[in-house]
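Right, one structure below, let's go through it.
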Amino acid sequence: MLYHSTQNPAHRVDLKEAILRSLPPDNGLYMPDQFPVLGPEFWSNWRHLSFQEIGFAVAEAFFGEDVPAAALREIVEGTISFEAPVVGLAPGDHVLELFHGPTLAFKDFGARFMARLMAWLTRDDGRELTVLVATSGDTGGAVASAFHRVPGTRVIILYPKGKVSGLQEKQLTTLGDNITALEVDGSFDDCQRLVKSAFLDRELSERLNLTSANSINLARLVPQSFYYIHSARQLPEGIEPVFVIPSGNFGNLTAGLFATRLGLPVAQFVAATNANDVVPRYLASGRYQPVPSIATISNAMDVGAPSNFARMEALFGKSWEAMKEKISGYTFSDDATRAAIRTVKATLDYELDPHGAVGWLAAQKWRATHPGSATITLETAHPAKFLDVMEAELGQGSVEIPERLAILADREKVAIPMPADEAAFKAWLK
Ligand SMILES: *Cc1c(COP(=O)(O)O)cnc(C)c1O
């Protein structure tokens, strides 16, 4: 299968280049040249398949021409080593828990699949692949965990000193082995600038076999479509779900659109955002106006220029009318989000994290005007990752901290101090 840039359909590359390059040189996004479909042999039996079997069928539809079935099966099985249960909160009101992975957020699915696919694509290169990633928090942890001890790979994570939470820092700095953390004396933008400078240095990039674990990598989106299919079949037969997606860069929502292209019947998509409401405003007005991001308590969604928007446009043939038919957008304030966390705990005895709470509010709004519909809200992270907000609303000790997060507190941080200076960074790399 070939992949083209959303900016230029004539710029086509093979799978290895699309995944290792991550981003086309024209700054578009890679899309499959022919969008895959799952056939009747899949849809006649999909409700009886396991999560892993669904994952394998989807992965094969995308990558089956390029990756042999046995290798693909191993990649999928290595990715899906934890559950993604649908929990019913009230009639018609469901939550899809995507936080049972090693770093307690849905990004584990994409990062784990990408790590394994990259390792397979470079298996005969005879040299190590070096993955560079700049992180403001969550992405780095998911990528570090996903690549940890993956043979033939080495990961260098750049994070801004003093600007990630204590537990997030532990997720980046305590793995060791093939994972190295650089504590940059600067901002997240500085970290991104350093990473970019290494890629622009042709000789260095070539010599170290550099790649990026960017969130717009196609290898991160495809595995996210697995759980749309997996969760839809947990509703009674004949009921088409309304998926409610707490969104920032809109990768998760794009993966849902991928699932419908594969053939999954979905009644509607609801994009739920915090104050960063570029997409809801586009859906209402037809005008797309990216702006600087605004800080909120659902900070993984603080995005002013969603990086996957070009893919969403491409999937709707650049038609605003077509997109607003299928996607509805709602936006909520931090105050409303805090109130939702309290309400859901008090009335339904369930702890929603701030991102899931934005989604839950959108689901209530949708069902209020569409009675009888069934919403599935993606719960994108475990509430224990946002203890400060949770304890402010629900009281101290209100959220149980999972073992795999709790044990990090006692691990020793290992990070290399790095000035926010391109020459120093490149010298260190060399
Ligand atoms: C990354 C993230 C999001 C936003 O997902 P997008 O795919 O960027 O829209 C939402 N919630 C959490 C917890 C996240 O980590």
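Whatever order the structure lists them in is the order used to number ligands and atoms, beginning at 1. As a basis for the values below, the full set of heavy atoms in this structure was taken, side chains included, without hydrogen atoms, waters or symmetry mates. Counting from 1, the numbers follow the sequence of the chain as shown.
You'll find the ring centres of Phe82 and Phe51 outside the 6.0 Å limit. Under the 6.0 Å cut-off for aromatic ring centres, Phe109 and Tyr227 qualify, their centroids lying closer than that. For Phe35 and Phe258, the ring centers are positioned less than 6.0 Å apart. The distance between the ring centers of Phe309 and Tyr288 falls below 6.0 angstrom.
Considering Asn274, Thr380, Val389 in turn, Asn274 is the only one that fulfils the side chain to side chain contact (heavy atoms under 4.5 Å, CB included) rule with Ser298.
The closest protein non-hydrogen atom to atom 4 (C) of ligand 1 is Gly248 N, 3.7 Å. The nearest protein atom to atom 12 (C) of ligand 1, hydrogens excluded, is given as Thr380 OG1, 3.4 Å; this is a heavy-atom distance. At the shortest separation from atom 14 (C) of ligand 1 among protein heavy atoms lies Lys107 NZ, 2.8 Å. When only non-hydrogen protein atoms are considered, atom 5 (O) of ligand 1 lies nearest to Phe106 CZ, 3.4 Å. Among protein heavy atoms, atom 8 (O) of ligand 1 sits closest to Asn249 N, 2.8 Å.
Taking a cutoff of 4.0 Å between a charged side-chain nitrogen and a carboxylate oxygen, Arg338 and Asp334 do not qualify as a salt bridge.
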Verdict with reasoning, Lys385 to Asp353, per salt bridge (charged side-chain N to carboxylate O under 4.0 Å, His left out): CA-CA 8 Å; Lys385 288 193 99 166; Asp353 96 290; over 6 Å; no
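For ligand 1, the atoms closer than 4.0 angstrom to any heavy atom of Ala381 are 13 (C). Ligand 1 places these atoms under 4.0 Å from at least one heavy atom of Asn252: 7 (O). With ligand atoms numbered from 1 in the order given, ligand 1 contributes 9 (O) to contacts under 4.0 Å with heavy atoms of Ser247. Set against the non-hydrogen atoms of Gly251, the atoms of ligand 1 under 4.0 Å away are 6 (P), 7 (O), 9 (O).
At a 3.5 angstrom cut-off on N or O pairs, Ala105 does not count as close to ligand 1. Between Phe386 and ligand 1, not a single N/O pair is under 3.5 Å apart.
Residue Lys385 does not touch ligand 1, judged by heavy-atom distances below 4.0 Å.
Distance CG/Asp277 to CE/Met301: 11.5 Å, rounded to 0.5 Å.
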